[in-house]
Amino acid sequence: MYFDNIPVIPYEGPQSKNPLAFKFYNPDQVILGKTMREHLPFAMAWWHNLCAGGTDMFGRDTADKSFGAEKGTMEHAKAKVDAGFEFMQKLGIEYFCFHDVDIVPEADDIKETNRRLDEISDYILEKMKGTNIKCLWGTANMFSNPRFMNGAGSSNSADVFCFAAAQVKKALDITVKLGGKGYVFWGGREGYETLLNTDVKFEQENIAKLMKMAVAYGRSIGFTGDFYIEPKPKEPMKHQYDFDAATAIGFLKAHGLDKDFKMNIEANHATLAGHTFQHDLRISAINGMLGSVDANQGDYLLGWDTDEFPYDIYETTMCMYEVLKAGGLTGGFNFDSKNRRPSCTPEDMFYAYILGMDAFALGLIKAAKLIEDGRLDAFVEDRYASYKSGIGAKIVAGETTLEELAAYADEMGAPAQPGSGRQEYLESVVNSVLFGL
């Protein structure tokens, strides 16, 4: 036991002052016909929770994530499994996500890395027995090792491309072995620094080739879940090819990948792209490609990916509003979030997840109330009422021509004002639902 001093985390309600209790996440509470547990399939991020110790570019680890074993060994890999399962069970988390090199130390030879992956995945499978813990999705880390300095699928080196393909193949094998619902491509270095040395068309076509091969292989070994792209606008490459949801969706459709892929939307990535979290969720949903969510938030004062645990209830409410309106996720809510560097104790790991799970639970409660309140939906419906009949209905049905519309405009002379958007009124509705008694 690595967290002997931490109890199973109970739900105690909004009035509780117990830091090791949920205030809003009540897994059995029914909202809009489903339990919170069903609405909010939470997942632990292996990389941040079990691996990241607080190192930044100016200083080394502040948190001890050795879990009593020597780092860089298979004993340490197994200790992380033990600690992770204890952690998830005490919080009632039912899913985890992983990169290949999160769960084992990478060896100098890929054959040895793969042997280690086989060994640790056997160990994880044993730990899963008798629990309700499952794999949400897996992925391959194709950005940390220096070989990927120029990308993976987008690399200028055919040898590096082959190595990336080998990593994807093995990561898919392990994902299927663990029963994963999805597989993610996080293109951490799929982009470029300068056009002076880059063939953008060639690189994007190669990325698509790698993805097509991954789909073909995954289906051949029985993977029936979704593949995901996780858009990211910048960092580490200056110009990322998967800049935002719209860019990624356009890429998938251009290369015939849209039937197998959906979006894994991260809040912090959306805001770095100059959008709201809600925006990228909406764009994904209207294209039928909202799949999964990396649940975190950024710092608006900092221009990089800070991966903070979510606490902004406006953000989580509007996220859950989009998710509910879209009918839910095929994936889940993965806490791609890390403790702040000075939050360095085992208790802080639990406080952070309690914060994030409560923030999304409260967002779910408030989003359901916004939907039940009906004023937002009614306003939007009325705002486009001119398309319900007459010439507007013909436009929607595609039953008119440019000539007919021009004749209609000539007869009209000048259109009436299109009506107020009433943004401030609608924002007050949101406030009244969030904070009204």
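Just so you know, these numbers use all the heavy atoms, side chains as well, and skip hydrogens, waters and symmetry mates.
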For a quick check under 3.5 Å, do Asn431 and Tyr314 share a side-chain donor-acceptor pair by atom type?
yes
Are any of the side-chain nitrogens in Asp61 or Lys71 under 4.0 Å away from the carboxylate oxygens of its partner?
yes
Is there a side-chain contact between Leu257 and Phe227, using heavy atoms and a 4.5 Å cut-off?
no
Does the plane of the ring in Tyr192 sit parallel, tilted or perpendicular to the ring in Tyr241? Use 30° and 60° as the thresholds.
tilted
Is the backbone N or O of Ala152 less than 3.5 Å from a side-chain atom of Glu190, with the two atoms forming a donor-acceptor pair by type?
yes
I need the minimum non-hydrogen distance between Lys177 and Asp118, along with the two atoms involved.
NZ-O, 3.3 Å
Enter the distance from Tyr351:OH to Ile9:CD1 here, rounded to the nearest 0.5 Å.
9.0 Å
Can you tell me how the ring of Phe143 sits relative to the ring of His99, calling it parallel under 30°, perpendicular over 60° and tilted otherwise?
perpendicular
Hey, does Leu426 have a side-chain heavy atom less than 4.5 Å from the side chain of Arg375?
no
Supply the atom-to-atom distance Phe350 CZ to Leu355 CG, rounded to the nearest 0.5 angstrom.
15.0 Å
Look at the side chain of Gln240 and the backbone N and O of Gly187, then say whether any donor-acceptor pair between them is shorter than 3.5 Å.
yes
Non-hydrogen side-chain atoms of Lys127 and Thr131 separated by less than 4.5 Å:
no
Any side-chain heavy atom of Val293 sitting closer than 4.5 Å to one from Leu281?
yes
Would you check if the side chain of Lys338 reaches a backbone N or O of Ala52 as a donor-acceptor pair within less than 3.5 Å?
no
If I compare all heavy atoms of Asn49 with all of Lys65, which pair ends up nearest, and what's the gap?
O-NZ, 2.9 Å
Quick one: do Asp260 and Lys212 make a salt bridge, cutoff under 4.0 Å?
no
Nearest-0.5 Å distance that lies between atom OG1 in Thr316 and atom OH in Tyr321
15.0 Å
Specify the closest pair of heavy atoms between Leu178 and Ser121, including all atoms of both residues, with the distance to one decimal.
CD2-O, 3.8 Å
Heavy atoms of Met320 and His39 approach each other most closely as CE-O, 4.4 Å
Checking Phe333 against Cys319 for the side chain to side chain contact (heavy atoms under 4.5 Å, CB included) test, could you report, in this order, the C-alpha distance in whole Å, the side-chain angles of both residues, the deciding distance, and whether it holds?
CA-CA 11 Å; Phe333 294 87; Cys319 166; 4.2 Å; yes
Indicate yes or no for a side-chain donor-acceptor contact from Lys325 to the backbone of Ile371 under 3.5 Å, with no hydrogens or angles considered.
no
Validation row: Phe163, Arg147 side chains within 4.5 angstrom (heavy atoms):
yes
Test side chain to side chain donor-acceptor pair (under 3.5 Å) applied to Asn296 and Glu308, His48, Glu266, the passing residue:
Glu266
Quiz item: cation-pi between Lys134 and Tyr95, 6.0 Å / 45°:
yes
Looking at Glu12, I want to see if its CD is surrounded by more than 12 non-hydrogen atoms of other residues, nucleotides or ligands under 6.0 Å.
yes
Could you tell me if Asp336 and Trp47 have a donor-acceptor pair between their side chains, going purely by distance under 3.5 Å?
yes
Taken to the nearest 0.5 Å, the spacing of Ile265 CD1 from Met289 CE works out to 9.5 Å
Cationic N near anionic O, under 4.0 Å, Asp82 to Lys78
no
Side-chain H-bond candidate by donor/acceptor type, Gln278 with Thr276, under 3.5 Å:
no
If you take all heavy atoms of Met263 and Pro231, which pair is closest and at what distance?
SD-CG, 3.8 Å
Which heavy-atom pair separates Val433 from Lys366 by the least distance, and what is that distance?
O-NZ, 3.5 Å
How many angstroms lie between CD1 in Ile229 and CG in Leu252, if you round to the nearest 0.5 Å?
4.0 Å
Hey, are Asn339 and Asp348 close enough side-chain-wise for a donor-acceptor pair under 3.5 Å?
no
From Ile365 atom CD1 to Thr317 atom OG1, the distance as rounded to the nearest 0.5 Å:
9.5 Å
Glu86 side chain vs Phe3 backbone, donor-acceptor pair below 3.5 Å
yes
Walk me through it: do Met36 and Tyr25 pass the test side chain to side chain contact (heavy atoms under 4.5 Å, CB included)?
CA-CA 7 Å; Met36 272 196 183; Tyr25 180 61; 3.9 Å; yes
Within the structure provided, determine whether Lys80 and Ile103 are in side-chain contact (heavy-atom separation under 4.5 Å).
no
Any side-chain donor near an acceptor of the partner, Ser16 and Asn18, under 3.5 Å:
no
For the backbone of Arg189 and the side chain of Lys232, can you confirm whether one donor and one acceptor N or O come within less than 3.5 Å of each other?
no
Going through the checks in order, is the ring pair (Phe, Tyr, Trp, His ring centres under 6.0 Å) test met by Tyr183 and Phe223?
CA-CA 9 Å; Tyr183 184 86; Phe223 177 66; 7.2 Å; no
Hey, mind stepping through Gln297 and Asp312 against side-chain hydrogen bond (donor to acceptor under 3.5 Å, both in side chains) and telling me if it holds?
CA-CA 8 Å; Gln297 67 180 62; Asp312 186 327; 5.3 Å; no
Passes side chain to side chain contact (heavy atoms under 4.5 Å, CB included), Glu372 versus Leu32? Steps please.
CA-CA 9 Å; Glu372 291 170 334; Leu32 298 182; 3.4 Å; yes
Short question: side chain of Asp358, backbone of Phe22 - any donor-acceptor pair under 3.5 Å?
no
Can you check whether Tyr11 reaches Asp28 side chain to side chain, under 4.5 Å on heavy atoms?
no
Residues, nucleotides or ligands: over 12 heavy atoms within 6.0 Å of Tyr311 OH
no
Verdict with reasoning, Arg422 to Arg383, per side chain to side chain contact (heavy atoms under 4.5 Å, CB included):
CA-CA 10 Å; Arg422 302 207 190 285; Arg383 189 166 183 238; over 6 Å; no
Can you list the steps and then say if Tyr353 with Phe42 is a ring pair (Phe, Tyr, Trp, His ring centres under 6.0 Å)?
CA-CA 10 Å; Tyr353 269 77; Phe42 290 128; 8.8 Å; no
Give a yes or no on this: more than 12 heavy atoms of other residues, nucleotides or ligands lie within 6.0 Å of atom CZ of Phe379.
yes
Between Lys23 (side chain only) and Ala21 (backbone N and O only), is there a donor and an acceptor less than 3.5 Å apart?
yes
Please check this pair: side chain of Asn268 against backbone of Thr306, looking for a donor-acceptor N/O pair closer than 3.5 Å.
yes
Can you tell me if Asp64 uses its side chain to pair, donor with acceptor, with the backbone of Ser66 under 3.5 Å?
yes
What I'd like to find out is whether the side chain of Ile174 reaches to under 4.5 Å of the side chain of Phe98, using heavy atoms alone.
yes
